[in-house]
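The sequence lines fix the lettering, A, B, ..., with proteins before strands; numbering per chain opens at 1.
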There are 2 protein chains.
Amino acid sequence: MNANNEGDGDGIQSTKTSFEIIHALQDIGPARLSEIASHLDFAESTTHRHLRTLQDLRYVSREGERYQIGLRFSRLGRAAQTRDPAYEMAKPHIQTIAEKTEERAQFVAEDHGLGIYLHVETGDRGVHVGFGVGRQIHLHGSSSGKAILANYPREYVDEIFDRWELPALTENTITDREELYEELEAVRERGVAFNREEHVEGVNGTAVPVKRDGKVLGALAVAGPSHRLTGDWFEKELPNMMLATANELELNLTYSTPGSADDHLVE
Amino acid sequence: MNANNEGDGDGIQSTKTSFEIIHALQDIGPARLSEIASHLDFAESTTHRHLRTLQDLRYVSREGERYQIGLRFSRLGRAAQTRDPAYEMAKPHIQTIAEKTEERAQFVAEDHGLGIYLHVETGDRGVHVGFGVGRQIHLHGSSSGKAILANYPREYVDEIFDRWELPALTENTITDREELYEELEAVRERGVAFNREEHVEGVNGTAVPVKRDGKVLGALAVAGPSHRLTGDWFEKELPNMMLATANELELNLTYSTPGSADDHLVE
DNA sequence: GTATTAATTCCACATGGTGGAAATCGGTTG
DNA sequence: CAACCGATTTCCACCATGTGGAATTAATAC
């Protein structure tokens, strides 16, 4: 909830540098020291020291003379995906939706003003867009995002819009604040959000929020080719099915014990 | 392949500190500044600065006054799990095995001398031990680990044993080097590894290596209650089924295009 | 209102991160 | 076998910047 206008000047420099290197590895894949250093325009000695540190931590490993992301990150990724047990409880519902609809079903949560795919189930017919688990998306251009934003206080929505702005992802993306506020108002009333090729050309979507004692946890969403997601199926039946699923999930959430055990072994 | 006896003295201190804080959050869950600081015995001001830096990076977020792991880590976790496209290709085979056997099936890869669960499919009857995706295990005490080690050069195996030692995980764990070398030799000949309650009491397992042009990528494994995994089923039929699956997977691997596209959006 | 507790900011000091230069390593070639 | 790369790794001196104690602010209870 802090406006947090990008602490660019302060913060711990070497931590940022280490993560820049990690991001470079994430982006360009296995790479040699010199590639990484020149890619980021860092001194090779500096890059080397960071890589060695990250290697000691097991967050970077090497295959011969190339550095790459360490598998240890899958542990942290998992920790993120399960930081709230509710996220895991959404998974079977996503699977059900994917089976029933034969379309791509997703569970999206918000963090730092972005949407993050926590579960993705691509039915046999489901569209294969390049958005897998862990992917981060702008909230204003997706059904899930709108379902979430619609349940946030206006001021927080504003912070998010300030921070990430409203880039046009396709020519249908709503990029006008006032228009978006109205859209969110409508979503709040209907309880359902739609996305008509606002995120990716040729892809429609619809989403419903998932709440736990009043607070939004994320959104269940379905995405598919715009030619298949049309008419009553898209506007009525699909949303109703999803509302029912969300409702069921919400019941699970309220009646489940909030505790969750986890053991520690090799860290 | 570097012996790398824990660079404890050198390395970039602040990067290590940042990750210590991240690990604390991973372990103790959402926590306040003062808890984290006292848990790690760091000054609060220092802890605060690291947390703010990590927050700027979106790797830490706050719920009210508690800090927690940021969902952004799921992206890195995903990057790790897909750093080799072969890992993903193993997934459907794991599902098949889980269905056929009705036991827990896993795909494990090695990094930094540890085994890491990359896919876990728990059949309906499958045992629920606390080892999910991302979990790190000692190689010497699991069937997957032994299947992998059996295909490594002796010197590398030694490095791993030196680094992680051979703790007794249960009273059945093989903790003697010579005995382990012999066991690995047998695994290499048979092409199959067994685990008879060496990792967890009451849990047996069997694993086969998965190779791509001669190099081990990981292992397919099945684990289940020791009373169910016995006799010919455990020692013959199950291994044969898994060998067949691994073989099929290996064929997929050799005849698939090594390239893989990935797009970049919000990072 | 005041007391209490925790989070945040400030600050002076010296730790330790930095990049250029030198040394080492691993191949390749004459 | 020696000379020569290209790349990685280590060294080193400078000073940027990370550090923890103390002061300040914020939040909440009394």
How many whole angstroms separate atom [atom1] of [X] from atom [atom2] of [N]?
X	N	atom1	atom2	value
Leu33(A)	dT10(D)	CG	P	11 Å
Arg49(B)	dG16(C)	CZ	C1'	14 Å
Leu40(B)	dG20(D)	CG	P	12 Å
Gln13(B)	dT17(D)	CD	C1'	14 Å
Lys16(B)	dG16(C)	NZ	P	11 Å
Arg66(B)	dA27(D)	CZ	P	18 Å
Gln55(B)	dA7(C)	CD	C1'	12 Å
His50(B)	dA7(C)	NE2	P	17 Å

field: Of Glu65(A) and Thr15(A), the one whose closest DNA chain D nucleotide lies more 5'
entry: Glu65(A)

5′-ward residue of the pair Ser14(A)/Glu35(A) relative to DNA chain D: Glu35(A)

- request: Determine the contact category for Ser45(A): base if any of its heavy atoms lies under 4.0 Å from a base atom, sugar-phosphate if only primed atoms, P, OP1 or OP2 are that close, otherwise nothing.
  value: base

- request: With heavy atoms under 4.0 Å as the rule, sort Ile12(A) into base, sugar-phosphate or nothing.
  value: sugar-phosphate

field: cation_pi(Arg154(B), Tyr181(B)) dist<6.0 Å, angle<=45
entry: yes

Are OP1 or OP2 of [N] and a side-chain N or O of [X] less than 4.0 angstrom apart?
X	N	value
Arg62(B)	dA7(C)	no
His48(A)	dT18(C)	no
Arg52(B)	dT8(C)	no

message: We want to know whether His50(B) and Ser18(B) form a side-chain donor-acceptor pair, criterion being a heavy-atom distance below 3.5 angstrom.
response: yes

- prompt: Nearest of dT8(D), dT18(C), dT19(D) to any side-chain atom of Arg32(A)?
  reply: dT8(D)

message: Using the side-chain heavy atoms of Glu44(B), tell me which of these nucleotides is nearest: dT19(D), dT8(C), dG20(D).
response: dT8(C)

task: Could you please spell out the steps behind the side-chain hydrogen bond (donor to acceptor under 3.5 Å, both in side chains) verdict for Glu110(A) and Tyr156(A)?
output: CA-CA 12 Å; Glu110(A) 179 265 344; Tyr156(A) 189 34; 3.2 Å; yes

field: Aromatic ring proximity Phe107(A)/Tyr117(A), centre distance under 6.0 Å
entry: no

message: Taking Arg66(A) first and then Glu63(A), would you say they form a salt bridge - that is, a charged N and a carboxylate O separated by under 4.0 Å?
response: no

